[in-house]
Number of protein chains: 2
Amino acid sequence: MLPFAPLDSAAWSERLRETGLKSTSGRVAALEHLSTHPHTTANEIHTALTKELPALTLQSVHNIVQDLTAHGIIRRIDPLGPGGARYETRTDDNHHHLQCVRCGRIEDIDCAVGAAPCLTPHSTHGMRILQADVTFRGVCGECDKRPQP
Amino acid sequence: MLPFAPLDSAAWSERLRETGLKSTSGRVAALEHLSTHPHTTANEIHTALTKELPALTLQSVHNIVQDLTAHGIIRRIDPLGPGGARYETRTDDNHHHLQCVRCGRIEDIDCAVGAAPCLTPHSTHGMRILQADVTFRGVCGECDKRPQP
DNA sequence: ATCTTATTTTGAATGAATCAAAATTGCTGG
DNA sequence: CCAGCAATTTTGATTCATTCAAAATAAGAT
Ligand SMILES: [Mn+2]
Ligand SMILES: [Mn+2]
Ligand SMILES: [Zn+2]
Ligand SMILES: [Zn+2]
């Protein structure tokens with residue numbers, strides 16, 4: 001089985017139930033969308049799902065991503081800039097992100113270590129270190145061609 | 001001269017003028033407060049400065065930190081959790097942060113390299129890398145003693 | 001099929017940040 | 001020192017993502 005291969009709706013349903021959550025159309029659709037469109041906002045999920053689930057509320061999408069994040073099924077990231085939090089199904093591999101400072105585009109960066117914490121600070125200030133969040137910032141090819149505003 | 005020694009108000013005034021900004025009481029007071037109280041929010045700055053500058057508006061503090069950030073005199077960080085953005089006068093040394101996941105406390109972590117980017121990603125996705133933001137997460141001594149909620 | 005409880009919906013509120021126009025202040029050059 | 005301009009602050013309002021709470025609904029167990 002390929003790592004991070006998108007699951008079908010039946011597999012997501014099962015995943016929800018074994019986590020102790022009910023399998024609902026909104027949750028399954030959100031998970032399917034997230035697994036094929038990583039780094040999506042609650043708003044974007046809602047817009048995308050409106051076609052197949054016209055009754056699904058933005059508020060519900062917020063509930064869904066919050067619940068799924070709390071149960072470790074998805075992961076929340078908080079990029080700089082506008083648009084709010086983003087979510088992804090790729091969890092537990094401690095991967096990092098690379099964000100374009102011009103257009104905000106986000107790419108995945110594999111972690112050389114693969115488990116948290118993949119870096120250790122010089123001094124810990126008496127804290128027990130759990131993980132190291134790394135976000136690379138740069139300028140993507142597209143934006144580098146384009147003249148600066 | 002010690003690194004990051006807090007400047008007095010005259011020195012901050014000069015710093016503002018050589019950057020091409022006007023020296024105002026609000027800006028100088030904000031800089032003095034930030035240099036002695038790093039990682040402070042706009043709200044916290046406003047509350048602290050209300051004693052000596054009762055006329056200073058929260059809106060003005062927002063303008064101030066935005067202008068100073070844009071001119072590189074202070075640096076903005078966006079920690080997870082509630083409270084909004086935080087600011088600090090310690091710029092240009094590429095230092096990192098360590099945040100307690102329970103209480104939100106933030107500590108500075110010196111960068112072994114000292115200049116950006118201090119890490120290089122495995123693959124760059126065609127992006128020109130400018131910097132690597134590293135935030136360590138952990139549990140501080142205080143919170144580790146306390147029983148979990 | 002019914003019941004229980006989790007989930008979604010509905011409706012409202014929060015908090016941080018930003019926008020725009022008017023009032024004020026810092027600075028410059030006379 | 002003073003006038004005048006432009007930068008800054010104030011005033012007042014608005015945006016946006018997110019959260020809260022109560023009522024309605026739907027999933028899954030018996
Ligand atoms: Mn990712
Ligand atoms: Mn710092
Ligand atoms: Zn870009
Ligand atoms: Zn703590």
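Chain identifiers are assigned alphabetically (A, B, ...) following the order of the sequence lines, protein sequences preceding nucleic acid strands; residue numbering begins at 1 within each chain. Everything numeric here is computed off the predicted structure, so don't read it as measured data.
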Pair A/S23-A/S13, side-chain donor/acceptor within less than 3.5 Å: yes

Are B/S60 and D/dT9 close enough that a side-chain N or O sits under 4.0 Å from OP1 or OP2? no

Which of residues 19-29 of chain A sit near DNA chain D, with a heavy atom under 4.0 Å from it? A/K22, A/S23

So do B/V61 and B/L49 actually touch side chain to side chain, heavy atoms under 4.5 Å? no

Minimal non-hydrogen separation, B/L53 against B/A29, with atom names: CD1-CB, 3.7 Å

Output one line per pair: protein atom, nucleotide atom from nucleotides 18-20 of chain C, and distance, for all N/O pairs under 3.5 Å.
residue	atom	partner	partner atom	Å
C/dT18	OP2	B/Q66	OE1	2.9
C/dT18	O4	B/Q59	OE1	2.7
C/dC19	N4	B/Q59	OE1	3.0
C/dC19	N4	B/Q59	NE2	3.4

Sugar-phosphate, base or nothing in reach of A/N43, heavy atoms under 4.0 Å: sugar-phosphate

By nearest nucleotide on DNA chain C, pick out whichever of B/R17 and B/A85 is the more 5' one. B/A85

Quick check against the 3.5 Å criterion: does B/T41 have a side-chain atom that pairs as donor or acceptor with the backbone of B/E44? yes

Backbone N or O of B/L56 within a donor-acceptor pair of the B/H46 side chain at under 3.5 Å? yes

Do the rings of A/H95 and A/H97 sit parallel, tilted or perpendicular, given the 30° and 60° boundaries? perpendicular

Selected nucleotide, minimal atom distance to A/A42 side chain, candidates C/dC27, D/dG28, D/dT18: D/dT18

NE2 of A/H39 to CD of A/E88, rounded to nearest 0.5 Å, is 4.0 Å

